[in-house]
Each structure stands twice: as structure tokens, then as C-alpha cells.
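Have a look at the structure below, then the notes.
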Amino acid sequence: MDKTEFNDKIQTLLNADTLNTPAILALMAEGLTVDAKSVARAFSAWTEAIVKSKDFAGSIQAMAFFAKHHDVLKTVEINMMREVIRRSANTTEEKLFIDSIGLNSAIATAIVSRLSVLIALKPGVYVSSPSWGFGQIQSMDTFYGKIIIDFESKKGHSMSLAVASQNLTVAADDHIMTQFLKDKEAVLEKALKHPAEIIRMMLQSYGPLPIQRLQDRLIATGIVSEAKWKTFWESARRSIKSASPCLVEIPAKRTEPLRLIEKEETFDADWCAKFTKVRDIKAIYDKVILLRDTKVEQTDVLKDAIKNRLNFALKGAKNADFPRYAQIATLLKQLGLSTEDERKDQATLMTFIDDEQNNLLASVRSLSARDATELFTFLLDADEATYKPVLIDHIECFNSTALSALLNKCKDDADVGAQVRGLLTRTIQPRDPHNRLCTLIVWAIRNIGDFTTWHLPSTNELASLAIHIIEQRLTGEDLKMRNTLQGFFDNKKWLETTCANITAFERQVMFERIQASSSWETASQRNILIRMARFDSSLSNLRRAVKAQQEVQHITSRRSLAAFKLDYDHLINVEIPKNTRDIATARSYGDLRENAEYQMAKDQQRLLIGKQEQMNRTLRLLQPTDFTDVSTDTVQPGTTVTLTVAGETITYTILGELDSDEALKIISCRARLATALIGKKVGDSADIPTEAGTQTATIVAIALPDAVIKAWLAAIPTA
């Protein structure tokens, strides 16, 4: 299909009386391999048709397409897509759903997920919740925006649509828990008489499961009692092995997952015929991975089918999904289905770097440790002389998963070791926040005993670097690594081991530095100092008597406090439970010392716990206000101040601690600019921060917020 054919086909679909959403999506997905600009134009025309026809379901699917391909749809913005969702809502219920999901602040994937859940919530539908388990929806109250659910542990539980959209998962009719809730006796009888069928149902419902997780879930739900598990499993195992055809793959190692073997996956001529029609890139990749793992003998027909589909998927992922492109390219190499010249071209694309794009970082962005290792192997095998320097130059830029994968692969490489040592020993200027070393420092602290030939910095030097990072204000991946580093110090065993590996003088310097820092949580700082003093009693003499800092109340708008509470609810009800599941999943992979997924999940756990503690403290301190009865005699929270700076007039509105809106020039009372102005009167001068340093500003007017700011304050989010 060429560009002209695509435009003709998409125009025909858009001009039809009824929008054929599946056909439009399939055509645009195929069109991405032809001309991305044409797809972007077609996508915009499609969203206009969706709004015109009030196709709410279509708008959600359009948002899903945007979420997956936003890098290609460069002319389409998230706010435009939010407006498509909003304007396509036709019924009262659809408008209620939009009000419940936090449309103005949620990212595209969250909007799709939340709306998809809410649309599916009907009386009689079975759902699962991380907190409450499985249940059945009894009714929906569109006036109050709530649903009533009968959970196993709590009947008649009331849940807001906002919480439901983020916490509930709709269970399919054939899900084992749906069947269990519908007819317990039938499922219990099946567990007694046909245990292998229960195993099959579990794998069909939950996907591949290690034996331990399978056991935990069956016991937790009551389908199998703990006392009868051994008998149940042995009976199921015998039945599975004797079945013909065998529908469940039992691994040799207990830590590896059981997998469901579909009847169609016989990899014969019929399978090949069906496979050649698959167009979804992920489905193609997953099917080939299954084929590879089953180690089936590859016939010429099978090889041709696999090569055809993988090359189709590779073309579809090119410049659109770099991590998937990397996975497919390495898979083609593993299966011997790509030539040396093709691999060189693929390596060139995956390492292309210019001022706007870094394809290497994009390729490793979301890869697992195993996939990242395979990618690095692919590049080094393609041309080590060219790509080894590129990989070395990116050591301080990789995320934790990619960094660990690269350094573990290159453990015996002196050049890589020299780069790591050089990065960790270079001088960090006092005001340089991090020099992008956060992730590398975390890696070095974890692996200092395993890479002795690299002559990494001493324990004291790494601890000093870690303290430097902890004292910085960071964001994103660096913030995650900063909290991981602080977690090391909070860990009693690690702290004692570190103290044992440094000199008495170094312990004293570390102790005084931590004590003098204002970057630590008070409780954490106190515990660290106490543990160090217990390890080395001479440090007790250095402890200063510090009065407990009196916690003063802070103010913020009701709008920002409501948004903060929604974020807190999401942390407690979504992020932390998901992290708990991620840890359990990663633990099932085996050896925790070499388990990058487990280490990442535990790091994330420490980050989330720290975030929860900080948010708890913030909630305890914050007082909501509507900024009424504010005096304009001086600059203070709740006032709009007009300044002249270098002949230019600028106006800012200073509100509460959590308040900020760059477009409306609303700034927090905790911002450096605000603190420089608060307390000043008309005519006073103030040194305000700028990108170049500081400049002197003169206050020319102090007023109350105008109608636009008041409207902003009144727009309190409910979900």
C-alpha cells in the first residue's frame, strides 16, 4: 500500500454514514509504515468525525491510538484529545464518567484505562479490586457518582466512580473467579475431581504463573485448602502429564512459570496460515517468543512465516516504537533470520543520535534486563569498534535496568571499567546537582564487592557521593535514585557494614555531615545518627542537642489540596498495591542477587514509602483557605503583585504552598520569587531570582486576585 492508496481508503472510511472504528484503526496502524504525516492528518479528521457523531466509545479508542503513537502524531496534543473525549460525550452518564476520571490532569493511558473500566461497569458485572478481591456490581447511582458492589469480604460496599476507575478490573465471564462467585460448589467439585482443569482455568485467567504463586492464589481464594494443596497439586500434575494433547507446560524449575499451551499452537501449516494474517506487532512478537521457548523444530514453511511477520512488525515499529524495534531485531538475529547487512542497518538506526533524538536511549527506555542485555550483545556483535565507544559514552545516561545490564555484560572489559571509575572519581562541583551520576552511584554501592578489577572508589568515597546526591533537589529518574540512596542509609545492616569498612575519622566526617544537613527527614536523620553512635560510641560526643522543630501550619487553596488528596488516594490504592504485586512477581523469577526486576521493584517500594511519609506530613500540616479577607498593604499569599524589572512590567499572583499555574502566573508562596517579595510594600525593591542570577525589581501595585484567578480557585477537582 502506498501513500495515495492509504489516503483513498481512509477517506472512504471517514465518509461512510457510520464510522467503522476497527477498520479505521487497522488502516492507520498499517499506514504508519507508509507515511506518518498522512496518518496524522487522517487521525485529526477522524477525531473531528467522532465529535460530530458523538461517538464516545470511538473517542476512547482514538485516545488509545494516540497514547500508543503520540511520538508519530506530532501535530496532535494531549489537550486536543481531552477535548475530543469531552465533546463526544452525549449522555448524562458519559459526562459523569468524564467528571470522575480527572480528565484535565490524567495522561492518555490513564484516561483510556479509567473510561474503559467505567463503561464496562453494569449491574451484574464481576470485578476485582486490589483491596477487596472479587465482587459483583449490584447497582450504580449516577446522581451521587457511586457504585454498590458485593465483595466476598464486604457486601454492599459503596465506591465512588473516581476510585472505581482506578482500582477495579472487569473480570471476563470465563475468569475462574467469576465462575467461582457464580457457582462455588461447581468450582470446588471441579477442584476435587478435575484438578488439572482448575490449573488450566487459573492460567487462562491470570496468564503464566510460577507454582508458588499458583498455590498462594488458590489457597487465598478458598478453592483449595492449604492442608489439601499437596494432594491437589500431585493429582493435577499427573493428569497434565498424561493428557493428550498436553495443554499445560510444566517447567523444570519451580521458580519458572507454568504456561498454557493453546491447541492451535502446533506450529503446523494451519498455524502458519493463521500467523501470516496477524497484524498486531505485540501479538506477532509474543507468538514468536512462545515458539522460540518451546524449541520446536523449524520447517522451511515455519521459518518463512516467522521471517515474514517479524519483518512486518519490524517495519511497523521502526521510528514509532524503539524498544519493540530492538526486541524484534534481536529476535531475528537469535533465530538466524536476518543477514549481517540487515543487522548493521538495524544497529545504525538504533544508535542514531542528533540534537532532537537519541535512538539508543529510546530503544532501552522500557526494556527488561534480559532484553537490554540482548540489545547490547546485538550492537557489539554488529560492530564492536563502532558501538562500544557509544555505549561507554552513555553509561551515565542509561536508566538503572539498562546500566546494570551493560555493566554486568562488560564485567571483564577494562575500557568500560575505566569509564565507570573515571565518572565516579571526577570532581563534583559544590553547586552541580548530580552530574547525572545518581544511577551509577546506586549501581556502584550495590556492586562494589563484585567488580574488584575495576578499582571502584572506596566505600567512604561512594557514601560521600551518595550524601551529596541526597542533599540535592531532583526529579524523575534522579529523584528515584536519590530515594534509593537514602534507603541505603536507612537500612541498618548496610549502614553498619559501611561504618565497619571506613576509618574512625571518616565515620566522624560522615556523622557530622549528615547531622548538619537539612535534606533528610527528621526521623530518618535521627535514626541514622543513633545507629552510627551505637556502632562507634565516640560519635555520641558529636551529637548536638537540637530542639524538635515545631511544625507550623501551611496554607494552600482548597483546589490544590483536593488535587493533592486525589494523588494521595492514587498512591495508596493503586501505586503501592501494584508495587506489592510487582515485588511478588519479580521474587518468583528466582535468585534475588541477580534479579534486576526484583531490585527495581524494591527500590520503587522504598520510593513509594518515602513519598507516602512525605505526603502524610504535608496533609497533616496543610490548612485549606479561600484567601478571603487578605490585606493588600503588603505582599502576602492571596495577593496579586505587579513588578517592574529592567523596564518590563510583570504581574504574579502568590497563593498557597501547593498552588501553581504557569499560564496564569500563579506561584506558590514557597517559591523563591514569592519569598523574595512577601512582606514588601508598594514602592519597595526586592532582589528576585532569574535565570542569570538575581535582578532588582520594584513593586508598583498590590491587589486582590482578579476574576480569572478566582475562577481557577473555585475549580475544585473531584476525581
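All values reported here derive from a predicted model rather than from experimental measurement. One-based numbering along the sequence shown.
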Subject >> Salt bridge R87-E94, side-chain N to carboxylate O under 4.0 Å >> reply: no
Original post:
Considering only heavy atoms from C-beta outward, does the side chain of L27 approach that of F6 to under 4.5 Å?
Top reply: yes
Subject >> S668 side, atom OG; D661 side, atom CG - distance, nearest 0.5 Å >> reply: 13.0 Å
Original post:
Who are the side chain to side chain donor-acceptor pair (under 3.5 Å) partners of T651, not counting sequence neighbours?
Top reply: T642
Original post:
Does the N359 side chain pair with the main chain of T351, one donor and one acceptor, at a distance under 3.5 Å?
Top reply: no
Subject >> Residue pair L571, K611: steps toward the side-chain contact (heavy atoms from CB on, under 4.5 Å) verdict >> reply: CA-CA 9 Å; L571 173 70; K611 183 178 179 181; 4.1 Å; yes
Subject >> Presence of salt bridge, E575 and K578, under 4.0 angstrom >> reply: no
Original post:
Which heavy atom of P208 sits nearest a heavy atom of R259, and at what distance?
Top reply: CG-NH1, 3.6 Å
Subject >> Close side-chain approach of I137 and Y126, heavy atoms under 4.5 Å >> reply: no
Original post:
Could you state the interatomic distance from OG1 (T556) to CG (L622), rounded to the nearest 0.5 Å?
Top reply: 6.0 Å
**OP:** Not counting sequence neighbours, which residues clear side chain to side chain donor-acceptor pair (under 3.5 Å) with Y568? List them please.
**Re:** N616
Subject >> Atom pair CG/CG of L14 and L19 - distance to nearest 0.5 Å >> reply: 7.0 Å
Original post:
What residues, two or more places apart in sequence or in another chain, satisfy side-chain contact (heavy atoms from CB on, under 4.5 Å) together with A283?
Top reply: V278, D280
Original post:
In Å and rounded to the nearest 0.5 Å, what is the CD1 to CD1 distance from I24 to I50?
Top reply: 7.0 Å
**OP:** Among residues two or more places apart or on two chains, list those pairs meeting side chain to side chain donor-acceptor pair (under 3.5 Å) that have a residue in residues 55-68.
**Re:** S59-S88
**OP:** Could you walk me through whether Q136 and I149 pass side-chain contact (heavy atoms from CB on, under 4.5 Å), step by step?
**Re:** CA-CA 6 Å; Q136 185 181 31; I149 311 171; 5.8 Å; no
**OP:** Check step by step if ring pair (Phe, Tyr, Trp, His ring centres under 6.0 Å) holds for H175 and F134.
**Re:** CA-CA 11 Å; H175 195 287; F134 272 77; 5.0 Å; yes
**OP:** Using the test salt bridge (Lys or Arg N to Asp or Glu O under 4.0 Å), find all partners of D567 that sit at least two apart in sequence or belong to another chain.
**Re:** none
Original post:
Would you say the side-chain atoms of T178 pair up with the backbone N or O of D173, donor to acceptor, closer than 3.5 Å?
Top reply: no
Original post:
K307: what forms a side chain to side chain donor-acceptor pair (under 3.5 Å) with it, not counting sequence neighbours?
Top reply: none
Original post:
Taking atom types as modelled and ignoring hydrogens, do the side chains of D371 and Q327 form a donor-acceptor contact shorter than 3.5 angstrom?
Top reply: yes
Original post:
Do side-chain atoms of N308 reach the backbone of D304 as a donor and acceptor pair under 3.5 angstrom?
Top reply: no
**OP:** Flag the pair L361 / I353 as yes when at least one side-chain heavy-atom distance between them is below 4.5 Å, and no otherwise.
**Re:** no
Original post:
Among all residues two or more places apart in sequence or in another chain, which pass the salt bridge (Lys or Arg N to Asp or Glu O under 4.0 Å) test with K146?
Top reply: none
Original post:
Do NZ/NE/NH1/NH2 and the carboxylate oxygens of K95 and D99 come within less than 4.0 Å?
Top reply: no
Original post:
Is a side-chain donor or acceptor of R324 paired with a backbone partner of A317 at a separation under 3.5 angstrom?
Top reply: no
**OP:** Identify the two heavy atoms, one from R279 and one from F312, that lie closest to each other, and give their separation to 0.1 Å.
**Re:** O-CE2, 3.4 Å
Original post:
For P123 and S139, which heavy atoms make the closest approach, and how far apart are they?
Top reply: CG-CA, 4.2 Å
Original post:
Is the number of heavy atoms from other residues, nucleotides or ligands under 6.0 Å of K54 NZ greater than 12?
Top reply: yes
**OP:** Any chance you could measure I176, atom CD1, to T221, atom OG1, to the nearest 0.5 Å?
**Re:** 7.0 Å
Original post:
Just wondering, do V163 and D569 contact through their side chains at under 4.5 Å, heavy atoms?
Top reply: no
Subject >> Over 12 non-hydrogen atoms of neighbours within 6.0 angstrom of CD in Q357 >> reply: yes
Original post:
If only atom types and distance count, is the side chain of R114 paired as donor or acceptor with the main-chain N or O of Q166 below 3.5 Å?
Top reply: no
Original post:
Which pair of heavy atoms, one from G58 and one from T21, lies closest together, and at what distance?
Top reply: CA-OG1, 4.4 Å
Subject >> Non-hydrogen atoms of L168 and V117 that approach each other most closely >> reply: O-CG2, 3.6 Å
Original post:
Under 4.5 Å between any side-chain heavy atoms of Q346 and F378, yes or no?
Top reply: yes
Subject >> Interatomic distance, I328 atom CD1 to L314 atom CG [nearest 0.5 angstrom] >> reply: 5.5 Å
**OP:** Could you list the residues that satisfy side-chain contact (heavy atoms from CB on, under 4.5 Å) with R217, not counting sequence neighbours?
**Re:** M202, Y206, L209, R213
**OP:** Check whether any side-chain heavy atom of I148 lies under 4.5 Å from a side-chain heavy atom of D141, and answer yes or no.
**Re:** no
Original post:
So R309 and F275, side-chain contact (heavy atoms from CB on, under 4.5 Å) or not? Walk me through it.
Top reply: CA-CA 8 Å; R309 288 295 85 194; F275 185 47; 3.6 Å; yes
Original post:
Do S557 and S560 get their side chains close enough for a donor-acceptor pair, meaning under 3.5 Å?
Top reply: yes
**OP:** Please identify each residue that fulfils side chain to side chain donor-acceptor pair (under 3.5 Å) with K318, with sequence neighbours left out.
**Re:** none
**OP:** Kindly say whether D354 contributes a backbone atom to a donor-acceptor pair with the side chain of E356 at under 3.5 angstrom?
**Re:** no
**OP:** Might you confirm whether atom NZ of K282 has over 12 heavy atoms from other residues, nucleotides or ligands at distances under 6.0 Å?
**Re:** no
**OP:** Could I get the full list of side-chain contact (heavy atoms from CB on, under 4.5 Å) partners for P323, not counting sequence neighbours?
**Re:** D321, R365, S366, L367
Original post:
Quick check: does any side chain N or O of R559 sit under 3.5 Å from a backbone N or O of P717, one acting as donor and the other as acceptor?
Top reply: no
**OP:** Under the salt bridge (Lys or Arg N to Asp or Glu O under 4.0 Å) rule, what do E5 and K9 come out as? Steps first, then yes or no, please.
**Re:** CA-CA 6 Å; E5 184 181 357; K9 286 183 176 181; 3.1 Å; yes
Original post:
Given the rule in the side-chain contact (heavy atoms from CB on, under 4.5 Å) test, do S363 and Y325 qualify, once you have shown the distances and angles that lead to the verdict?
Top reply: CA-CA 8 Å; S363 297; Y325 184 90; 5.9 Å; no
**OP:** Using the ring pair (Phe, Tyr, Trp, His ring centres under 6.0 Å) rule, collect all pairs that involve residues 61-115, keeping only residues at least two apart or in two chains.
**Re:** F43-F65, F65-H69
Subject >> For P624, all residues meeting side-chain contact (heavy atoms from CB on, under 4.5 Å), sequence neighbours excluded >> reply: R558, L561
**OP:** Please name the pair of heavy atoms, one in G656 and one in F627, separated by the smallest distance, quoted to 0.1 Å.
**Re:** N-CZ, 3.3 Å
Subject >> L332 side chain reached by N311 side chain, heavy atoms, under 4.5 Å >> reply: yes
Original post:
Does W712 reach the side chain of D659, with side-chain heavy atoms less than 4.5 Å apart?
Top reply: yes
Original post:
Any donor-acceptor pair under 3.5 Å linking the side chain of S113 with the backbone of T109?
Top reply: no
